[in-house]
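We're numbering straight along the sequence, starting at 1.
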Amino acid sequence: MRADAGDRARRRRRWAGAALVAAVVLAGFGLSGGGAAAVHRVEQRYAAQTMDRYTEDVSTAVTERVERYSDTLMDLAASIGAQPNLTAADFAASSSGLNWERLPGASGVAFAVPGTDSEVPGIQRYWRERGVPTLTLDPVGAGAEHAFVVFSRPFDGVAAVAGRDLAQAPEPAEALRVARDSGEFAVSRAYVLLKDRQLPPAQQQLSFTLVVPVHNHADGRFRGWVVMGLRGGDFLNETLLSHARGAVRVLLTEGGTGTGRVVASVSAGQEITDDPLNRRQVVTVGQRHWELALYPTDRLLNGADRRMAALTLGAGLVITLLLGALVAILAGARNRAMTQVDEATAALREDIERRQETEARLREREHELQRLAFHDPLTGLANRVLFYERVQHALLTHARERRTFAVLFVDLDGFKQVNDGLGHAAGDAVLREVAIRLRNCVRASDTVARFGGDEFAIMAEQLADPTDVQVTANRIVKALEQPFHVGEPPALISASVGVALSGAGDADAILKDADEAMYLAKTAGKNRFVLAE
């Protein structure tokens, strides 16, 4: 009976030990799976936030660049409209400051005039007398209004054919009509530019025509159009050079329904199929809708360290098996129970510390990526996004305190010659030195930012007197005209500075005023500053 009771007790202990081991293993599997799922959710949330930031950055960059092109064309149209007897020399002077570096992706600008079949001889004679003696108008079709190119400035070395009828293609013809009827900036549907149709098919790319109507300032009479060809692939590549950073694939699609024609795409990595991370953003430019589709690549997901979920699950399973073995040993050897419990507790504590260290690394990585998202990687200065947020914040705080702040746009004169003559490494060294000099020219409380390329911006807050910013602007001009010892001979550049004071306008208006003042400084001879009116 005792033996039977002992056997029953042993069997109960064995079953109890087996049940305990099974419970530990099942619980460990559950905890491991739950921990891995939690880490995966954190990774997904982090990747989604990163994609949201990229989407906002890219859509803002595209919109701002097209608005910049629109402002440039409107300025050129206003200059042409102010000249009652426009000549080829006048057009050349008005468009002299425009080039591919200032307008990336643009093939050139041109001035086109309307005309019917019966008006062709008179129009041809009129513009020949104004500087185009070889002009020959080439109307396409009959019984419709034409749009003839009379003046042009190419940015790609391929001049538009003088006298070409832009209305021969339906896409620019529609944009010309919309711009004339509305009196506003318009963008055509995507098509292959007329002058690109002579290229091999592999070199052709879908493009847009940007159109601004020209009216006579004296009587408001319609005179023609300022047009600019914009190659979609070049435009998207240049626009996203400093925004996508090779972490996403971007498609520019015409239309906002998700079924439009793909105009251009940019990708520097292997695209990953992950629907929750795909993003679409519709932007409106020139009375037309473009859709930007962003897809994550292996670079973005590798940067998010998405292997942590698998590592967490693997570590949890291993620990679970170890715990099961420990419990089995404890059930068979009670005399070593406390020692085994201590070892298991120590192992658990190490696992918790490892998980805490992993979470700390994830938080540190998120903080680092946030810093990179708001600062320029070359100079360490604030970038365009952070600068814009600080200007908006300054508008609120200074309005409450009835104080004034100023925004200064700084564009380097002659920087391209430094890159071409001394190399990009020397150019980068100059940009870093420019950042140091700009910091030294302002107070520690002021914000210095790099907008990209050779463009910088400064916000001087809490001005005791609005005229103080002129002293700062002059100090910047003097500091940047000093030689930069980055090679032999030393690099010499200068700065054109535009200054705008805070007033009734919003952040966009202040930035636009400063940008326009900077271009006035360049037009006035460079190496100076101009205060916006």
Side-chain angles (χ1 to χ4, degrees), residues 36-67 105 187 189-190 205-208 230-286 288-313 362-363 365-374 377 383-385 388:
V39 172
H40 179 69
R41 286 194 296 271
V42 171
E43 293 170 347
Q44 284 291 99
R45 184 165 59 252
Y46 174 71
Q49 292 172 350
T50 303
M51 286 295 296
D52 290 339
R53 285 198 299 272
Y54 278 130
T55 302
E56 184 65 24
D57 288 350
V58 170
S59 60
T60 300
V62 170
T63 303
E64 289 180 350
R65 181 151 290 186
V66 174
E67 288 177 352
V187 178
R189 290 178 285 120
Q205 55 180 294
L206 291 176
S207 307
F208 305 97
L230 184 64
R231 295 188 177 96
D234 294 343
F235 169 75
L236 193 61
N237 272 291
E238 291 296 325
T239 301
L240 303 181
L241 187 62
S242 60
H243 291 82
R245 292 186 286 279
V248 295
R249 180 188 178 207
V250 182
L251 269 65
L252 174 60
T253 306
E254 192 175 39
T257 62
T259 59
R261 179 169 52 166
V262 175
V263 177
S265 65
V266 174
S267 179
Q270 180 66 38
E271 181 180 336
I272 303 298
T273 302
D274 199 337
D275 289 341
L277 296 180
N278 296 346
R279 296 291 185 270
R280 293 185 181 274
Q281 182 75 29
V282 176
V283 296
T284 302
V285 292
R288 190 165 297 282
H289 299 298
W290 292 351
E291 183 179 78
L292 293 169
L294 287 84
Y295 305 94
T297 67
D298 53 348
R299 294 188 180 183
L300 181 141
L301 299 185
N302 289 341
D305 201 3
R306 289 163 62 92
R307 297 169 298 176
M308 290 306 301
L311 293 176
T312 301
L313 179 60
L362 287 173
R363 287 194 296 270
R365 181 170 298 225
E366 182 176 1
H367 293 158
E368 176 63 15
L369 288 175
Q370 288 177 345
R371 189 190 69 80
L372 290 175
F374 291 100
N383 64 10
R384 184 189 299 268
V385 176
Y388 187 85

Open item on the list: How close do Val283 and Ser59 get, counting heavy atoms only, and between which atoms?
Closed with: CG1-CB, 3.8 Å

Open item on the list: Checking the side chain of Asn383 only, and the main-chain atoms of Ala373 only, is there a donor and an acceptor separated by less than 3.5 Å?
Closed with: yes

TODO: Find out whether Trp290 and Val66 are in side-chain contact, i.e. whether some heavy atom of one side chain is under 4.5 Å from a heavy atom of the other.
DONE: yes

Open item on the list: Applying salt bridge (charged side-chain N to carboxylate O under 4.0 Å, His left out), can you list everything that pairs with Glu64, at least two apart in sequence or on another chain?
Closed with: Arg384

Task: Side chain Ser207, main chain Gln205, donor-acceptor under 3.5 Å - done: yes

Open item on the list: Any side-chain to backbone donor/acceptor pair from Glu291 onto Arg280? Under 3.5 Å, distance only.
Closed with: no

Task: Pairwise distance CG(Asp57) to CD(Gln281) - rounded to 0.5 angstrom - done: 11.5 Å

- [ ] Identify the two heavy atoms, one from Gly105 and one from Asp234, that lie closest to each other, and give their separation to 0.1 Å.
- [x] CA-CB, 3.7 Å

